[in-house]
Number of protein chains: 2
Amino acid sequence: VPSFRLVLEYDGTDFAGWQSQAQGERTVQATLVAALAEFTTGPVRVAGAGRTDAGVHAEGQVAAATLDTRLDAATLLRALNAKLPPDLAVVAAAPAPDGFDPRREAKGKLYRYAVWNGTEPSPLRRRRWHHVREPLDVPAMRSAAADLVGRRDFASFQGAGSSATSTLRTLTRAAVEGGARGEVRFELEGDGFLRHMVRNAVGTLLEVGLGRRDPGSLPALLAARDRSRAGPTAPACGLTLVRVDY
Amino acid sequence: VPSFRLVLEYDGTDFAGWQSQAQGERTVQATLVAALAEFTTGPVRVAGAGRTDAGVHAEGQVAAATLDTRLDAATLLRALNAKLPPDLAVVAAAPAPDGFDPRREAKGKLYRYAVWNGTEPSPLRRRRWHHVREPLDVPAMRSAAADLVGRRDFASFQGAGSSATSTLRTLTRAAVEGGARGEVRFELEGDGFLRHMVRNAVGTLLEVGLGRRDPGSLPALLAARDRSRAGPTAPACGLTLVRVDY
């Protein structure tokens, strides 16, 4: 049974995440499985590189799709996009080696978190930007973010309900870019991410940006390995899985 | 009765345009009037600088709002944004002189039209970008667009049902920017625009970009003053009223 490596783009606003606990929810995985089922009479299996939460977007999620079909990858891509709803598309497809596991084999991921830092709401940004009204100190956030780079124990940023056996991860980049006109972007790149890790890191950095937390306090926060000392989980809408590297 | 100059941002996807012919449609104007009515017991009048079509977005639409209220402009702005739906916001408000007419007094407007020129659909761009699958020749479109700059008769780009007495308009800028990764943007700036003029100009330029129309043919097309010789009206979703100048 052939496997395909699919690169997916989706607007997470109207999805209950990549995969759901409850039956019947509209998830990215279930939507993809349903579309693939139209090209085979046998079973369809889909596994994703990152289990994005409800509301989280992707520009480059990677999935393995396994199904009994004689379609080649390019034909499957076109046929799938004709079946998928407008908020989900396959942007690339290739044959995958037997047993390809997009999560375990991923060498790295890049996430972007977007904040609209204007005094008024921005209707055109509302689906992809988290709105923070009070002015953010971008240099302070940038300095604090630099302390996250390296091999670190990120237990303080791990959300509840995680099954990770180790909380050690390596961040290769933690950048904060402040746009001239209120657009602030966080980019976190690393070899792996704990549940809610990006959103908890951003929620903590936003407290630094609002002057409520010392920019130099992140090493002690990580050392504490205590989720209750970190900031709140930033809303899902601002987060995008940009890329998965192999 | 005081007047206010409001700058509006909206996601046009779910609006039936700025103002509608039929009663009961969800228009930007009617939504704004309904929100303003909560701050007065008297009548509310709202006039816009540009009557954007259904599906067209705005980053900087300008409106005059006239209502009997004792709120100052800054307080009205905050109070309005608390009442307005998430796809419409007031981004600036100021007192307006008596009889301020945002349409007649506008000295110029800037429109942007966004095209996603990728082989596959882009879910994250679907609300604001028109998707053109075949590769576009950006230099050819740029060269053709340059012939639109100046004081010209744009009758060939005027949509049906227009009440304009003159079809002469001055374009000060007609730019085509080709992004590295499939994002193509048209920017048209001028002293005024006929009904559907931007979308008809873009539809014509896209034919140039697809090699179906000679890049040097636009002067003759304008001279013909014949709508049937221009290209199709490009879809509303790609168009944004960026700015109105006074």
Side-chain angles (χ1 to χ4, degrees), chain A residues 6-15 28 31-32 35 52 55-61 73-74 76-93 112 114 116 118-131 133 181-183 237-243, chain B residues 6-15 28 31-32 35 52 55-61 73-74 76-93 112 114 116 118-131 133 181-183 237-243:
Chain A
L6 306 178
V7 181
L8 305 172
E9 178 177 326
Y10 47 88
D11 177 340
T13 310
D14 301 322
F15 284 107
V28 180
T31 304
L32 193 56
T52 52
V56 174
H57 318 288
E59 289 173 13
Q61 168 78 286
L76 184 68
L77 181 156
R78 283 298 165 89
L80 260 178
N81 281 340
K83 300 283 181 194
L84 289 171
D87 50 354
L88 171 60
V90 182
V91 296
R112 187 196 307 123
W116 166 239
T119 54
E120 304 311 322
S122 173
L124 287 166
R125 294 182 183 88
R126 77 190 187 285
R127 294 169 79 94
R128 294 198 66 194
W129 301 71
H130 168 44
H131 183 205
R133 188 184 291 271
R181 295 184 297 179
E183 298 188 342
C237 68
L239 186 60
T240 301
L241 172 54
V242 177
R243 205 178 66 215
Chain B
L6 306 178
V7 182
L8 305 172
E9 178 177 326
Y10 47 88
D11 177 339
T13 311
D14 301 321
F15 285 106
V28 179
T31 304
L32 192 57
T52 52
V56 173
H57 317 288
E59 289 175 11
Q61 167 79 286
L76 183 70
L77 181 156
R78 283 298 166 90
L80 259 178
N81 281 339
K83 301 281 181 198
L84 289 170
D87 51 352
L88 172 60
V90 183
V91 295
R112 187 196 309 124
W116 166 239
T119 54
E120 304 312 320
S122 175
L124 288 166
R125 294 182 182 86
R126 76 189 188 286
R127 293 169 78 92
R128 295 197 67 193
W129 301 71
H130 167 45
H131 183 204
R133 187 185 291 270
R181 295 185 297 179
E183 298 187 343
C237 69
L239 186 60
T240 301
L241 172 54
V242 177
R243 206 177 64 215

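The side-chain heavy atoms of B:Arg78 and A:Thr119, taken from C-beta on, include a pair separated by under 4.5 Å.
Contacts of A:Ala35 classified as side chain to side chain contact (heavy atoms under 4.5 Å, CB included), with partners at least two apart in sequence or in another chain: A:Leu80, A:Lys83, A:Leu84. Residues meeting the salt bridge (Lys or Arg N to Asp or Glu O under 4.0 Å) test with B:Arg126, sequence neighbours left out: A:Asp11.
Proximity to chain A (any heavy atom under 4.5 Å) is restricted, for B:Asn81, to the side chain, taken from C-beta onward. Heavy atoms of B:Arg125 lying under 4.5 Å from chain A belong to its backbone as well as its side chain. Of the two parts of B:Ala58, only the backbone, made up of N, CA, C and O, holds a non-hydrogen atom closer than 4.5 Å to a non-hydrogen atom of chain A.
Here the closest non-hydrogen pair linking A:Pro121 and B:Ala89 is O-CB, 3.6 Å. The shortest heavy-atom contact between B:Ser122 and A:Glu9 is OG-OE2, 2.5 Å. For B:Leu124 against A:Glu59, the heavy-atom pair with the smallest separation is CD1-CG, 3.6 Å.
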